[in-house]
2 protein chains.
Amino acid sequence: MGSVNIKKLALELNLSAATVSRALHDSYEISTETKQRVWALAKALNYQPNHFASNLRQQKSMTIAVIVPEVANNFFSQAINGIEEIARLHDYHVLIYQTHESTEKEIALIKRLLSGRVDGILISVASNANDSEHFKELITQLPLVFFDRLYEDIEAITVTTDDYESAFNATQHLVDCNCKKIAYLQALNNLSTGKKRLAGYLDALKNNGIISDEALIIKNCDDENKNYEQVKGLLITHKPDGIIASIEDLALPCYYACNDLNLNIPADVKIVSFSNLKTAPLLKPSLTTITQPAFQIGKEAATILFSVLNKKDIQPNETKVLKSTLMIRESTGMG
Amino acid sequence: MGSVNIKKLALELNLSAATVSRALHDSYEISTETKQRVWALAKALNYQPNHFASNLRQQKSMTIAVIVPEVANNFFSQAINGIEEIARLHDYHVLIYQTHESTEKEIALIKRLLSGRVDGILISVASNANDSEHFKELITQLPLVFFDRLYEDIEAITVTTDDYESAFNATQHLVDCNCKKIAYLQALNNLSTGKKRLAGYLDALKNNGIISDEALIIKNCDDENKNYEQVKGLLITHKPDGIIASIEDLALPCYYACNDLNLNIPADVKIVSFSNLKTAPLLKPSLTTITQPAFQIGKEAATILFSVLNKKDIQPNETKVLKSTLMIRESTGMG
DNA sequence: CTGTTAGCGCTTTCAA
DNA sequence: TTGAAAGCGCTAACAG
């Protein structure tokens with residue numbers, strides 16, 4: 001709180017506060033000479049504008065909020081990176097909040113944000129999503145863009161990836177590798193993201209005349225150990241020769257379980273996972289991944305949000321779908 | 001901007017704005033009955049206080065800033081996670097900024113933050129640190145805590161890990177594994193973090209009667225490919241049997257180079273890296289790591305910052321040093 | 001081109 | 001226990 005404010009500058013320069021304010025904003029109404037004087041003194045005294053005052057006055061905050069389930073997640077941290085880049089371009093600040101996959105925290109957060117604290121929101125919703133009620137009011141009050149994870153019953157701007165197609169292609173890839181029994185590790189069951197991935201898997205099977213089997217579909221749960229036990233049980237009981245992990249965290253138990261059961265990847269069982277893990281190629285053996293363009297998604301979502309904030313004409317339910325990349329890395333499993 | 005404000009509540013309740021404000025803050029001066037009425041209406045109309053107005057008035061922002069080199073980094077994203085947890089406990093908001101390892105961006109940022117936008121700052125400085133001048137002013141104006149990466153010439157509160165000891169122990173570990181020629185991949189050369197790690201390595205060598213060799217020390221550069229080439233060159237020319245990577249990103253070129261040169265890890269060369277990579281145990285072969293308690297560091301740093309904000313008695317140069325963990329994972333290199 | 005005035009929404013004296 | 005009034009720092013309308 002450098003107590004040097006506009007009033008002080010005005011006093012020192014024998015000008016009015018209004019003139020100083022205008023000069024600082026490089027207004028066309030102010031003479032070059034006056035501007036120079038103001039700028040010089042502002043610099044000399046290291047004047048820093050008080051954002052709260054100007055926000056209060058202008059009813060805008062030059063701040064956006066990003067709400068994600070977790071920051072410590074390869075996808076989200078990269079997306080935030082992209083968002084941050086665009087925000088800086090617009091001289092905006094970025095508030096980051098985590099829901100830790102809890103809708104309750106999401107609701108509490110959104111309530112807090114309705115106070116005009118931010119001009120817009122970028123959100124990827126919590127996985128235990130059930131009730132989208134809290135968004136109904138929100139979207140009438142604040143520009144909002146959903147990225148990656150969204151509520152289907154809310155008409156809003158969304159930036160997602162080709163979840164259906166990429167799961168479909170991944171499954172087809174396993175079929176092409178002669179897998180006969182392809183299991184699926186399901187997550188985000190409540191969200192369109194999860195539903196589409198599952199649908200892609202199921203349709204790809206059907207397309208190849210393979211009858212899907214409920215027993216080959218494992219539902220993710222919060223407990224890491226339980227996930228591990230489930231996958232291990234699956235491998236023992238049903239001996240699948242292919243597995244699709246619908247989120248990164250579910251690929252890990254596959255590796256551990258295969259190791260414990262002396263199963264060879266990919267000789268005995270091939271694994272494909274949705275993942276933004278940088279070191280996927282270095283895993284033992286390399287993990288074949290469906291990689292979402294996280295950084296790009298962040299950039300796109302932020303760009304659209306700023307278009308709305310700047311009143312560019314954007315459809316209120318504009319949807320952008322980016323492409324994921326299937327990175328096939330099959331090794332013999334011996335190396 | 002729910003246009004329901006204190007004035008509106010006051011009008012509706014036939015009270016003055018002052019009374020409503022006091023009631024909302026549960027002031028002892030207000031009758032229970034009035035409080036009840038105010039709370040009821042506030043809830044009914046979904047009143048949300050305007051932070052900017054109250055911040056302006058109270059000269060505090062209920063917001064802290066976190067400045068990190070990158071969000072998409074296993075250490076920093078986990079640290080942010082810890083910070084966020086503590087901030088929520090105190091009902092504070094968290095602004096996140098990235099410097100992308102550029103001191104210039106750091107300086108620009110800090111200037112922006114001097115406007116009273118935040119009540120305190122948690123920072124891990126950019127790696128090309130050279131000039132700490134911009135902090136000299138900052139620390140006189142705002143409570144600030146350095147975590148992990150700091151400027152040595154600034155008297156400030158710091159939360160770090162045992163960089164010297166952990167590098168020392170890692171080197172000793174390699175010596176104990178019969179390594180005779182231990183290389184070091186140096187990073188963060190300008191920072192105490194990097195200097196201490198290097199010193200730990202050098203002292204451990206000396207302690208074992210091993211003469212250190214400049215040629216075995218490779219300096220990190222921004223270019224990934226160049227790092228790879230350097231490491232490859234090191235392996236070809238000097239054939240080290242042990243390598244310490246002082247940051248996670250430098251472990252990767254080791255893996256790639258060894259692979260290209262048909263060198264077996266750890267049979268031909270053992271690798272230890274500072275790293276917070278969750279999948280380190282799954283790498284081909286497993287990576288032995290020095291893991292910093294990132295989440296804990298974030299929590300500690302934030303906790304100390306809030307102690308300062310709440311005027312608890314804290315030494316102006318309190319330093320906290322947490323312990324890293326050496327996670328040894330040696331495999332035959334055949335699996 | 002510059003100044004005057006008013007007010008953003010809230011909190012805090014001071015007075016009743 | 002409540003109200004009136006002032007002001008945090010800034011900017012926008014209006015006037016000159």
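The sequence lines fix the lettering, A, B, ..., with proteins before strands; numbering per chain opens at 1. Owing to the predicted nature of the structure, the values given are computational and were not obtained by experimental measurement.
Separating the NE2 atom of A:His25 from the P atom of D:dC10 is a distance of 9 Å, rounded to the nearest angstrom. Rounded to a whole Å, the CD1 atom of A:Ile6 is 15 Å from the C1' atom of C:dT2. Look at CZ on A:Phe52: it is 13 Å from C1' on D:dC10, rounded to the nearest Å. Taking atom NZ of residue A:Lys60 and atom C1' of nucleotide D:dA12, one finds them 15 Å apart after rounding to whole Å. As a whole-Å value, the separation of B:Leu15 CG from D:dA4 C1' is 14 Å. Atom NZ of B:Lys35 is separated from atom P of D:dT2 by 10 Å (rounded to the nearest Å). Counting to the nearest Å, the P atom of D:dG3 and the CG atom of B:Leu13 are 10 Å from each other. Rounded to whole Å, the distance from CG on A:Asp26 to C1' on C:dC1 is 14 Å.
A rotation axis mapping the C1' atoms of four pairs onto the next four is fitted at both ends of the helix from C:dC1-D:dG16 to C:dA16-D:dT1 over five pairs, and the angle between these axes is 40° to 10 degrees.
The main-chain N or O of B:Asp26 is never found under 3.5 Å from a side-chain atom of B:Trp39 such that the two would form a donor-acceptor pair. Remark: side-chain polar atoms of A:Ser77 are paired, donor with acceptor, to backbone N or O of A:Asn73 under 3.5 angstrom. The closest donor-acceptor contact from the side chain of B:Glu106 to the backbone of B:Thr99 lies at 3.5 Å or more, if one exists at all.
Side-chain N/O atoms of B:Ser16 include one lying less than 4.0 angstrom from OP1 or OP2 on D:dG3. A sub-4.0 Å separation between OP1 or OP2 of D:dT1 and a side-chain N or O of B:Thr19 is absent. The side chain of A:Tyr47 contributes no N or O atom lying less than 4.0 Å from OP1 or OP2 of D:dG9.
Residue whose closest nucleotide on DNA chain C sits further toward the 5' end, between A:Thr34 and B:Ser21: A:Thr34.
Taking the ring centroids of B:Tyr97 and A:His93, they lie under the 6.0 Å cut-off.
Looking at heavy atoms from C-beta onward, B:Ile64 lies in side-chain contact with B:Phe306 at the 4.5 angstrom threshold. Looking at heavy atoms from C-beta onward, B:Ile139 lies out of side-chain contact with B:Glu155 at the 4.5 angstrom threshold. Between A:Arg149 and A:Ser127 the shortest side-chain heavy-atom distance falls below 4.5 Å. Counting heavy atoms from C-beta outward, A:Arg117 and A:Arg112 have side chains that stay 4.5 Å or more apart.
Just one residue in the list B:Ile157, B:Ile123, B:Thr158, B:Ile154 forms a side-chain contact (heavy atoms from CB on, under 4.5 Å) with B:Leu144, and that residue is B:Ile123.
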Can you tabulate the close N/O pairs, meaning under 3.5 Å, that link protein atoms to atoms of nucleotides 5-8 of chain D?
{"from": "D:dG7", "atom 1": "N2", "to": "B:Arg57", "atom 2": "NH1", "distance (Å)": "3.0"}
{"from": "D:dC8", "atom 1": "O3'", "to": "B:Gln59", "atom 2": "NE2", "distance (Å)": "3.1"}

Please list, pair by pair, any protein nitrogen or oxygen found under 3.5 Å from a nitrogen or oxygen in nucleotides 14-16 of chain D.
none

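Salt-bridge formation is detected for the pair B:Glu84/B:Arg88: a Lys NZ or Arg NE/NH1/NH2 atom is positioned less than 4.0 Å from an Asp or Glu carboxylate oxygen.
Summarising the geometry, atom CD belonging to B:Glu104 is positioned 7.5 Å from atom CG belonging to B:Asn128; distances are rounded to the nearest 0.5 Å.
Using cut-offs of 30° and 60° on the angle between ring planes, the pair A:Phe76 and A:Phe147 is perpendicular.
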